[in-house]
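The structure displayed is predicted, hence computed values, not measured ones. All heavy atoms count here, side chains included; hydrogens, waters and symmetry mates do not. Position 1 is the first residue of the sequence, and the numbers go up from there.
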Amino acid sequence: MRSPTLPAGPEALGIELSADAAVRDGWLVRELYAPHGLDGPPGVLQGGFSAGVTMAAARLADRFGAPVTAVDARLHKPTPLGKVLEARVRPSEATARYEVETWDGETRLVSAEVELAGHEPAARAFDLLELATVPLPEPEPQHIFPGCWVCGPEPSHAHGQRIHPRHHRQGAVVQPWVADEVLAGERYTVDPVVVSAVLDCPTVWASMHEVEALGLAGPLLAGFHLRFYRDAPVMEPLRTVARFDEADGRKLRARGALVDEDGITYAVASALQIAVPQAVAQG
């Protein structure tokens, strides 16, 4: 990565975008680098991070500074770690919306639309909010993705979260979480890139019974829609929750939310996970 660089999310993560940008075919292009240790499946960037870095890239191209409203991302290929990539941004036809893509050479990794218009006024995810006050299930450390930055029991990153899956019942998970101060964004609240990461994994574990029924190893994130309603506090008790919605062959759909026990919803995600025969990066 050429210097100087800017952090894409909290500095503690180590994800960087080049401060200098080039204009190419209508796109604003920056170098992108994600270090080893931010794994989901072994060797590749965790899916929520892969979607979330598009928000950081869009905000660097935006001159108004409004909070993120939403990101709608499609993950085409796994994002490699420890390699200089490209992030490309251009305004869409709609106001306050940006098209963002990440590339590895000639391979498109992620395509997304990011809306920067401030938070939505109210969440309508009552079935997810119901999980805000249920008794916390016992943790179930998983070993399918042992190095996952969010939910792995053995992450290599210094700030790996170890948010172990906890099943309220089949198809519904509830995990307690307190975000460390190092995960704060510019307003001393949880950075949106981190919110994106921690809401991917619960949708995985809410869907795992379907993966097992198919006789497959695990799911990989293929599509992710994330919408923000409030800034989430650091160093306060929160919950990441998720419910499985439906399966269509290997396509699994689940929704997740970041909530607290006072009935506040901070963000809601809808994920498309694809069940795969090996829980490793596929080229």
Side-chain angles (χ1 to χ4, degrees), residues 1-23 27-35 37-38 40 44-75 79-92 96-104 108-119 149-150 157 159 179-180 182-200 221 224-228 231-232 234 258 266-267 269:
M1 172 69 70
R2 296 195 304 260
S3 58
T5 62
L6 299 169
E11 290 188 19
L13 294 179
I15 307 175
E16 299 175 340
L17 287 162
S18 60
D20 297 327
V23 178
W27 295 87
L28 189 68
V29 181
R30 300 178 189 271
E31 291 184 341
L32 167 66
Y33 179 84
L38 299 179
V44 299
L45 187 61
Q46 192 258 8
F49 278 141
S50 297
V53 296
T54 65
M55 297 184 288
R59 295 197 71 186
L60 285 178
D62 181 72
R63 56 193 175 94
F64 296 102
V68 179
T69 307
V71 58
D72 193 1
R74 180 179 177 189
L75 287 74
T79 298
L81 294 168
K83 186 176 183 181
V84 177
L85 310 170
E86 277 191 355
R88 307 175 185 178
V89 183
R90 66 183 178 187
S92 72
R97 294 175 185 259
Y98 292 85
E99 297 175 23
V100 186
E101 297 181 349
T102 61
W103 288 75
D104 179 11
R108 183 170 60 172
L109 305 172
V110 178
S111 58
E113 182 176 74
V114 178
E115 183 179 0
L116 302 175
H119 296 149
W149 185 88
V150 174
H157 195 280
H159 300 289
D180 299 330
V182 296
L183 302 181
E186 58 191 27
R187 294 200 291 239
Y188 200 67
T189 55
V190 185
D191 192 283
V193 174
V194 176
V195 174
S196 184
V198 300
L199 288 187
D200 169 21
L221 187 65
F224 200 58
H225 178 80
L226 175 63
R227 190 163 291 273
F228 293 88
D231 289 327
V234 296
L258 181 61
Y266 297 95

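The stretch residues 183-200 participates, sequence neighbours left out, in these salt bridge (charged side-chain N to carboxylate O under 4.0 Å, His left out) pairs: R59-E186, R187-D231.
Considering all non-hydrogen atoms of both residues, L45 and A34 come closest at CD1-CB, 4.0 Å. When every heavy atom of A232 is checked against every heavy atom of Y266, the shortest pair comes out as CA-CD2, 3.6 Å. When all heavy atoms of W103 and L85 are compared, the pair lying nearest together is O-CB, 3.3 Å. The nearest pair of heavy atoms linking Q46 to A197 is NE2-O, 2.9 Å. Between P10 and V182, the shortest heavy-atom contact is CB-O, 3.3 Å. A pairwise comparison of heavy atoms in L75 and G47 identifies CD2-O, 3.8 Å as the closest pair.
Side-chain atoms of R30 never come within 3.5 Å of backbone atoms of A87 as a donor-acceptor pair (strictly under, hydrogens ignored). Between the side chain of H159 and the backbone N or O of L13 there is no donor-acceptor pair closer than 3.5 Å. The backbone N or O of A117 lies less than 3.5 Å from a partner atom in the side chain of T69, making a donor-acceptor pair.
To the nearest 0.5 Å, atom OG1 of residue T189 and atom CG of residue L183 are 11.5 Å apart. Note that the CG atom of L221 and the CZ atom of F49 stand 13.0 Å from one another [nearest 0.5 Å]. From R97, atom CZ reaches atom CG of D62 across 13.0 Å, with rounding to the nearest 0.5 Å. Note: Y33 OH to L81 CG = 8.5 Å, rounded to the nearest 0.5 Å.
For E86, the salt bridge (charged side-chain N to carboxylate O under 4.0 Å, His left out) partners at least two apart in sequence or on another chain are R24, R88. Contacts of F224 classified as ring pair (Phe, Tyr, Trp, His ring centres under 6.0 Å), with partners at least two apart in sequence or in another chain: none. Remark: E99 pairs with W27, R90, S92 by the side-chain contact (heavy atoms from CB on, under 4.5 Å) rule, at least two apart or across chains. The salt bridge (charged side-chain N to carboxylate O under 4.0 Å, His left out) check on D104 picks up K83, with sequence neighbours excluded. Scored by the side-chain contact (heavy atoms from CB on, under 4.5 Å) test, A58 finds Y98, V100, V114, L116 as partners (sequence neighbours excluded).
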Please lay out, stage by stage, how E16 and E31 fare under the test side chain to side chain contact (heavy atoms under 4.5 Å, CB included). CA-CA 8 Å; E16 299 175 340; E31 291 184 341; over 6 Å; no
Would you check, one step at a time, whether the test side chain to side chain contact (heavy atoms under 4.5 Å, CB included) holds for V23 with L28? CA-CA 5 Å; V23 178; L28 189 68; 4.1 Å; yes
Full working for side chain to side chain contact (heavy atoms under 4.5 Å, CB included) between H225 and D72: CA-CA 4 Å; H225 178 80; D72 193 1; 3.7 Å; yes
Apply side chain to side chain contact (heavy atoms under 4.5 Å, CB included) to I15 and L38, showing your working. CA-CA 9 Å; I15 307 175; L38 299 179; 3.4 Å; yes
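In this structure, L60 and V89 have side chains that are not in contact, with every pair of non-hydrogen atoms separated by 4.5 Å or more. With a 4.5 Å cut-off on side-chain heavy atoms, V53 and S196 do not count as touching. Two residues are said to be in side-chain contact when any heavy atoms from C-beta on lie closer than 4.5 Å; L32 and L17 meet this criterion. Inter-residue side-chain proximity for S111 and T54 is flagged as unmet; no heavy-atom pair is nearer than 4.5 Å.
Within a 6.0 Å radius of CZ in R74, no more than 12 heavy atoms belonging to other residues, nucleotides or ligands are found.
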